[in-house]
Amino acid sequence: MSAIEGPVRVRFAPSPTGSLHIGGVRTALFNWLCARHYGGQFILRIEDTDEKRFVPGAADDISASLRWVGIDWDEGPDIGGPYGPYVQSQRFEQGIYQPFIEQLLEAGLAYMSFTTEEELAQMRAAAEAAGIKAFRFRGPERDWPLAKQREVAATGKPYTIRLKTPLEGETRFRDLIRGGDEIVVHNDQLQDIVLIKSTGMPVYHFAHLVDDHLMKITHVMRGEEWVPSTPYHVLLYDFFGWPRPVFAHLPAILRQDGRGKLSKRKDDVATYRFRERGYLPETIFNYLALQGWSYDGVTEIMTRDELIARFTLERIQPSPARWNPEKLRDMNGIYIRKLTTEQLAERVLPFMQRAGLIGELASEEEWSYLISLIPLIHERLEELQEAPELLMFFYRDVIPGETYNPADLIPKKHDAGQTITLLRAAHEALSQITDWTPPALETTLRALCEQLQVKPGPLFGAIRVAVTGRSVAPPLFDTLAGIGRERSLSRLNAAIAALEQML
RNA sequence: GCCCCCAUCGUCUAGUGGCCUAGGACAUCACCCUUUCAAGGUGGAGAUCGCGGGUUCGAAUCCCGCUGGGGGCACCA
């Protein structure tokens with residue numbers, strides 16, 4: 001299969017049945033990348049023909065999630081375009097699908113089926129009871145003359161319109177990603193799928209195809225779960241005499257344990273959740289591009305422009321990708337480290353506010369204080385949501401016996417008494433300092449090590465726990481500077497007092 | 001059950017007949033740096049290229065079978 005010539009028209013067509021799944025973003029991204037790389041349009045279309053599963057607000061979540069990762073569209077529900085509307089229920093109301101189904105009926109390629117859902121369920125049950133595992137429905141009405149179908153319909157009996165699939169022969173199609181041989185399906189494996197529900201609403205198999213044709217879609221990129229139903233689609237294209245689009249079925253994204261696809265029920269995959277946890281949109285963009293596609297096997301960190309320039313359909317993998325949260329985290333850390341202090345502060349601010357550490361309307365002092373602390377956590381952050389926890393002791397009291405265990409103050413190979421000596425000496429030395437800056441603090445504390453004949457490890461460790469309540473924290477001198485003189489000294493005193501209680 | 005798709009280190013992936021004694025990344029281990037944790041640097045371990053047959057002078061790369069995994073079989077998309 002050769003490369004793409006000419007402009008492409010591709011689309012992402014989600015159904016508003018819930019918040020956007022991260023795998024859906026990957027599908028959207030590949031389509032978007034295709035349009036931007038080869039030149040052409042990326043279209044957003046909402047497929048809301050399932051009234052039962054419709055979730056109010058879902059369409060907005062989808063748009064917002066796509067925008068968040070930086071995917072924009074050239075035509076869509078909100079901005080319109082030459083082939084609108086871009087919402088299927090609206091297209092249905094305009095009667096867009098009617099003439100096409102009528103055409104199929106007239107040609108005898110589809111028929112009205114009066115079998116009800118209940119009857120169908122009974123037939124399936126009966127088939128199963130008879131040991132027939134594969135039940136393939138073909139309605140008895142498929143051989144009725146159209147006039148008879150219309151006659152019965154006129155009596156008010158509800159009906160669906162089904163595709164009259166050929167009983168013999170085979171249906172074949174090519175998939176760009178699974179190049180080489182054609183995918184061949186014997187027609188006896190098909191069944192007469194519903195095209196129009198008894199409510200009159202078209203089903204995906206029919207609606208998407210009419211829309212793709214009218215919208216002049218050139219490449220259909222969708223998840224590989226659509227491969228088995230593609231024969232129905234090509235049957236329809238051929239029936240209508242419409243040119244088939246190029247099919248490119250994207251590899252599935254499997255769960256971390258490899259057992260099945262990522263699923264909304266079992267996995268935390270709603271796109272807004274990644275935002276909530278503090279993933280940067282540039283991370284998601286880059287990581288998702290690598291789910292089923294690769295550039296050269298070596299380069300992984302790429303900007304949007306680089307990705308657009310390098311993305312080609314040929315390099316999409318046919319084999320499934322597997323979701324790797326660890327790698328995602330790592331990549332987010334890389335992108336966080338690329339930010340400037342101010343940029344990171346801006347991104348971290350909402351998390352600090354949500355944690356209640358900074359007011360809803362951040363004051364000038366709160367903002368500059370945050371800016372001063374950001375360098376301390378910058379290279380330690382992998383998810384923005386970790387920031388409040390890492391910065392907690394700069395904002396909240398540190399109380400021995402309450403926010404930490406006083407026993408943690410005691411360094412290895414030391415006892416409480418020795419620790420008291422160390423901390424008293426530290427308090428004494430530090431209280432002499434008027435220039436409360438990291439260099440001055442370092443000079444003083446290193447001199448104290450000499451004086452006390454102790455290594456920095458134990459002394460600094462004890463001070464760290466005393467002022468932060470943690471054994472793991474940013475570098476000590478910066479931390480002390482950030483906490484400030486008065487608070488640092490009083491926390492040392494509290495620690496000494498707590499240790500004295502232990503004697 | 002039937003049909004379809006897929007198959008390289010634990011995971012993602014490079015590889016399109018000789019450059020492969022199989023490269024990179026995550027994770028993992030060790031060391032360096034060092035006040036803890038990170039970050040960074042160096043190095044290690046980790047893949048009989050799922051198995052079995054072919055084709056070929058030569059196969060991870062082509063063909064067949066098997067096995068394994070995934071997906072689909074709705075008046076859902």
Side-chain angles (χ1 to χ4, degrees), chain A residues 13-17 47-50 52-53 113 115-117 120-121 124 128 131-137 158-162 175 177-178 183-186 188-191 193-199 201-205 207-208 222-231 249 251-252 254 256-261 287 290-301 315 317-331 333-334 337 377-382 390 442 445-446 449 455-465 468 470-477 479:
Chain A
S15 81
T17 54
E47 308 215 323
D48 57 347
T49 54
D50 185 353
K52 289 177 195 150
R53 292 199 307 156
S113 172
T115 308
T116 64
E117 285 187 85
L120 211 47
R124 283 207 186 85
E128 192 164 347
I132 300 166
K133 295 282 187 172
F135 174 72
R136 315 229 174 267
F137 181 75
Y159 62 91
T160 59
I161 296 177
R162 289 178 180 271
D175 183 289
I177 293 166
R178 281 149 265 270
I183 294 170
V184 180
V185 177
H186 294 277
D188 60 9
Q189 294 299 323
L190 305 179
Q191 57 179 328
I193 55 162
V194 168
L195 263 21
I196 304 289
K197 305 177 200 179
S198 54
T199 57
M201 191 70 96
V203 154
Y204 170 85
H205 298 299
H208 95 275
R222 79 240 282 199
E224 70 173 357
E225 65 270 23
W226 291 106
V227 172
S229 52
T230 303
H249 289 94
L254 268 29
Q256 195 182 12
D257 60 10
R259 303 229 121 239
K261 293 193 300 177
Y287 180 79
L290 262 13
Q291 290 288 294
W293 176 86
S294 67
Y295 174 52
D296 57 6
V298 177
T299 315
E300 294 192 324
I301 302 299
R315 293 194 62 87
Q317 281 275 321
S319 55
R322 199 179 298 203
W323 192 249
N324 188 341
E326 256 102 51
K327 185 144 181 163
L328 214 211
R329 267 184 71 89
D330 177 71
M331 190 178 279
I334 291 172
R337 275 173 251 129
I377 60 166
H378 203 140
E379 64 189 18
R380 271 156 261 263
L381 219 48
E382 283 193 310
L390 290 173
E442 176 158 17
L445 289 174
R446 292 221 184 266
C449 289
K455 292 192 170 184
L459 177 64
F460 295 180
I463 299 172
R464 174 176 299 107
V465 175
T468 69
R470 315 272 172 88
S471 55
V472 173
L476 186 60
F477 314 120
T479 301

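Just so we're on the same page: letters track the sequence lines, and every chain starts at 1.
When the side-chain nitrogen and oxygen atoms of A:Arg124 are compared with OP1 and OP2 of B:A74, one or more of them lie within a distance under 4.0 Å. Between B:C75 and A:Arg162, a contact under 4.0 Å exists linking OP1 or OP2 to a side-chain N or O. At the phosphate of B:A14, OP1 or OP2 sits under 4.0 Å from a side-chain N or O atom of A:Ser294. A sub-4.0 Å separation between OP1 or OP2 of B:U13 and a side-chain N or O of A:Arg315 is absent. Taking only side-chain nitrogens and oxygens, A:Thr230 never comes nearer than 4.0 Å to OP1 or OP2 of B:C4. Regarding contacts with the backbone of B:A74, every side-chain N or O of A:Lys197 stays at 4.0 angstrom or more from both OP1 and OP2.
Within the 4.5 Å cutoff, the side chain of A:Ser294 has heavy atoms near those of the A:Arg315 side chain.
With rounding to whole Å, A:Ile334 atom CD1 is found 9 Å from B:C26 atom C1'. Distance CG (A:Leu445) to C1' (B:U35): 10 Å, rounded to an integer number of Å. Here B:G72 presents its P atom at 16 Å from CD1 of A:Ile193, a figure rounded to the nearest Å. Taking atom CZ of A:Arg222 as the reference point, atom P of B:C76 lies 17 Å away to the nearest angstrom. The interatomic distance linking A:Gln191 (CD) with B:C3 (C1') rounds to 12 Å, in whole Å.
A:Gln189 comes within 4.0 angstrom of sugar-phosphate atoms only, judged by non-hydrogen atoms across all strands, and of no base. Within 4.0 Å of A:Arg329, counting heavy atoms only, lies no atom of the nucleic acid at all. Using a 4.0 Å heavy-atom distance criterion, A:Thr116 is classed as a base contact. Residue A:Ser471 is in base contact, counting any heavy-atom pair closer than 4.0 Å across all strands shown.
For the pair A:Glu225 and A:Lys261, the tightest heavy-atom approach, listed with the atom from each and the gap, is CD-NZ, 3.9 Å.
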Between protein and nucleic acid, restricted to nucleotides 60-62 of chain B and to nitrogen or oxygen atoms under 3.5 Å apart, what atom pairs and distances do you find?
none

Every protein N/O within reach of nucleotides 42-49 of chain B N/O, cut-off under 3.5 Å:
none

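Shown here, B:G40 forms a base pair with B:C32; the pair counts as Watson-Crick or G-U wobble because both key distances fall under 3.5 Å. The partner of B:U16 cannot be assigned: no Watson-Crick or G-U wobble pair with both contacts below 3.5 Å exists in any strand.
Ranked by how close their nearest RNA chain B nucleotide is to the 5' end, A:Ile196 and A:Pro228 are led by A:Pro228.
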Under a 4.0 Å heavy-atom criterion, the protein footprint on nucleotides 6-11 of chain B, written with B, S and -, is SS---B
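Other residues, nucleotides and ligands contribute over 12 non-hydrogen atoms within 6.0 Å of the CZ atom of A:Phe477.
For A:Trp226, the ring pair (Phe, Tyr, Trp, His ring centres under 6.0 Å) partners two or more places apart in sequence, or in a different chain, are A:Tyr204. The side chain to side chain contact (heavy atoms under 4.5 Å, CB included) test applied to A:Pro228 returns no partner, not counting sequence neighbours. Considering only residues two or more places apart in sequence or on other chains, A:Gln256 meets the side chain to side chain contact (heavy atoms under 4.5 Å, CB included) condition with A:Pro325, A:Glu326.
Spacing between B:U36 and B:C49 at atom P, rounded to whole Å, works out to 44 Å.
For A:Lys261, whose side chain is taken as the heavy atoms from C-beta onward, the closest listed nucleotide among B:A77, B:C75, B:G70 is B:G70.
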